[in-house]
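Heads up: the structure comes next, in structure tokens.
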Amino acid sequence: MKPLEISVNGESCSMPADASVADLLAELKLTGRRIAVELNEEIVPKSSYAQTRLTTGDQLEIVHAIGGG
């Protein structure tokens, strides 16, 4: 199968054809971190990361939560 070509925070990225949001986060070493994921301008709930499949042309924005006071 042909790899997926997606955009992550404005940068091109290739992933295997059957990749999910959870797979992408593992690849980027972001598993377990406090982040928010937006896929094509829609927020992806953390509970849906493993079930949300990526497709060529998807645009993702990933932001880290920063605490402070």
Side-chain angles (χ1 to χ4, degrees):
M1 290 182 112
K2 191 174 177 182
L4 301 173
E5 297 299 325
I6 60 174
S7 172
V8 179
N9 293 350
E11 300 288 324
S12 294
C13 181
S14 292
M15 290 295 293
D18 62 346
S20 68
V21 171
D23 296 328
L24 173 65
L25 296 177
E27 179 74 19
L28 298 174
K29 297 179 179 26
L30 295 174
T31 303
R33 297 208 181 164
R34 293 181 53 176
I35 59 171
V37 178
E38 183 180 274
L39 173 61
N40 301 325
E41 300 182 5
E42 297 280 333
I43 297 294
V44 179
K46 185 176 181 178
S47 61
S48 297
Y49 288 174
Q51 296 85 12
T52 302
R53 297 285 167 203
L54 301 173
T55 59
T56 291
D58 280 346
Q59 296 189 13
L60 293 102
E61 294 293 327
I62 301 172
V63 294
H64 298 265
I66 299 174

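As the structure is a computational prediction, the values presented were derived from the model and not from experiment.
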Could you give the side-chain donor-acceptor pairs of residues 7-17 under 3.5 Å, partners two or more places apart or in another chain?
from	atom 1	to	atom 2	distance (Å)
Asn9	OD1	Ile62	N	2.7
Asn9	ND2	Ile62	O	3.1
Ser14	OG	Glu5	OE1	3.0
Ser14	OG	Glu5	OE2	2.7

- Do any pairs count as a salt bridge (Lys or Arg N to Asp or Glu O under 4.0 Å) and have a residue in residues 17-32, sequence neighbours left out, and if so which ones?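 Found Asp23-Arg53.
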- Find the distance between CZ (Arg33) and CG (Leu25) and round it off to the nearest 0.5 Å.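 Here the interatomic distance stands at 11.0 Å.
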- Who pairs with Thr56 by side-chain hydrogen bond (donor to acceptor under 3.5 Å, both in side chains), at least two apart in sequence or on another chain?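 For Thr56 there are no side-chain hydrogen bond (donor to acceptor under 3.5 Å, both in side chains) partners, ignoring immediate neighbours.
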Donor-acceptor pairs under 3.5 Å, side chain of residues 34-48 to any protein atom, not counting sequence neighbours: which ones?
from	atom 1	to	atom 2	distance (Å)
Asn40	OD1	Gln59	N	2.8
Asn40	ND2	Asp58	OD1	2.9

- Give the minimum heavy-atom separation between Ser20 and Ala50, together with the two atoms involved. CB-O, 3.5 Å
- Query: Going only through I, L, V, M, F, W and Y residues with side-chain contacts under 4.5 Å, is there a path from Val63 to Ile6?
  - Reply: no
